[in-house]
There are 2 protein chains.
Amino acid sequence: MARNVSDGEMGIVTALVRSSFLVDAVYAEASRAYGITPQQGQLLCVLMAQPFGMGELGGMLRLAKSSLTGLVDRTSKLGLVRREPDPVDRRAVRIALTDEGLAVADRFYTDTCRRIEALADGLKASDRAKLAELLGRVVTENQVPVVFADAE
Amino acid sequence: MARNVSDGEMGIVTALVRSSFLVDAVYAEASRAYGITPQQGQLLCVLMAQPFGMGELGGMLRLAKSSLTGLVDRTSKLGLVRREPDPVDRRAVRIALTDEGLAVADRFYTDTCRRIEALADGLKASDRAKLAELLGRVVTENQVPVVFADAE
DNA sequence: CATTCTACATTCGCACTACGAACTAACCGA
DNA sequence: TCGGTTAGTTCGTAGTGCGAATGTAGAATG
């Protein structure tokens, strides 16, 4: 049987899985507010740092090449990203944000950050810092791709 | 611009988003190993506690009714869950694990726990406990549905 | 009791997600 | 130049998730 929600003690596995569920819901809600899908939102966030080739993007987002083509197609059709020819490799393309894409990405990113941050509102500052440190170490040690980063 | 991965300081937002990405990847990998989708795996985990009606399931998994019908259909076609008539309400059904579904759920759950737990292998026991406590508070305070629970 | 209102679930059509296999074009090394 | 590799796309398939519309059954009201 499962423990009750009111049970104060929650294992680390459950805490991770359920917090992930929470983050996913926030992502879905935030992206919907901007007329994009969570995947498109994630693509925009990755591209905020710099343009990437399809291969690099596939590695970061953990998507097969064929999956990525469609995602870029659809996001491109919205006018948010653009395929640019790679200057040195004529086979390759570089996916970059359009002006509008950058604008949407900025707003989506800011909004998402605000919503995610609100999840930890109940924790006092020192606890939030501790949580960020511990969770950050988990992320770093598992080499999670930089699908999201702190603003400068 | 974005901070570098090697940058030790990671904000709580980034840590949450990227750890969620990590958990999602583990869930996808684990479910694939059992020939099911992550959504089907999640359904099995929820039903491990007890059978639920479609309405309850929709609330817990945050899915529209129409989305759930298909998920249950497909999982049922695999022989893992079953629709049972509700004893008191002839409109309603109760979704329950079949014997095979219970067996798969047990193994999937155990395997997933092992994989998720491994994510925090780099932390020492006291840090893991602290992380579980803080993240557990975030989960509890945001009333995340019990889509996953600790084993008894 | 009949009528109405609401709740439970399904069906349908749509767009998106994700994959592997097969393919084209271009790079690169021998 | 030839053969192998790499970058991306195309195509077919299965699954996801939603809203609108539907049918049936319980609940509430007269």
For [X], which contact category applies under a 4.0 Å heavy-atom criterion: base, sugar-phosphate, or nothing?
{"X": "A:L68", "answer": "nothing"}
{"X": "A:G70", "answer": "nothing"}
{"X": "A:T37", "answer": "sugar-phosphate"}

Just by modelled atom types, is the [Y] backbone N or O under 3.5 Å from a matching donor or acceptor in the [X] side chain?
{"X": "B:T14", "Y": "B:M10", "result": "no"}
{"X": "A:S31", "Y": "A:Y27", "result": "yes"}
{"X": "A:T75", "Y": "A:Q40", "result": "no"}
{"X": "B:E56", "Y": "B:G53", "result": "yes"}
{"X": "A:D86", "Y": "A:V93", "result": "no"}

- Query: If you look at every heavy atom in A:A105 and A:M48, which pair is closest and at what distance?
  - Reply: CB-CG, 3.7 Å
In plain terms, say whether [X] and [Y] are close enough for a salt bridge, that is, a side-chain N and a carboxylate O under 4.0 Å apart.
{"X": "A:D121", "Y": "A:R128", "answer": "no"}
{"X": "B:E84", "Y": "B:R82", "answer": "yes"}
{"X": "A:E133", "Y": "A:K130", "answer": "yes"}

- Message: With a strict under 4.0 Å distance from non-hydrogen atoms of chain B, what nucleotide opens and what nucleotide closes the contacted stretch of DNA chain C, reading 5' to 3'?
- Response: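 Span of nucleotides near chain B: C:dA7 to C:dG20.
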- Find which nucleotide of DNA chain C each of A:Q39 and B:M54 is nearest to by heavy atoms, and output the residue with the more 5' nucleotide.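 Comparing both residues, the 5'-ward one is B:M54.
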- When you match A:R74 and B:D73 each to their closest nucleotide on DNA chain C, which lands nearer the 5' end? B:D73
- Item | Nearest-nucleotide 5' precedence on DNA chain D, A:R32 against A:F52 |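 Taking each residue's closest nucleotide, the earlier one in sequence belongs to A:F52.
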- Would you say B:R83 has more than 12 foreign heavy atoms packed within less than 6.0 Å of its CZ? yes
- Of residues 77-92 of chain A, the positions that come close to DNA chain C - non-hydrogen atoms, cut-off under 4.0 Å: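 Only A:D89, A:R90, A:R91 qualify.
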- Message: Using the rule side-chain contact (heavy atoms from CB on, under 4.5 Å), only one of A:L80, A:L44, A:T112, A:D111 pairs with A:Y34; which is it?
- Response: A:D111
- Query: Going 5' to 3' along DNA chain D, which nucleotides are the first and last within contact of chain B (any atom under 4.0 Å from a heavy atom)?
  - Reply: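 Using the under 4.0 Å cut-off, the span is D:dG15 to D:dG26.
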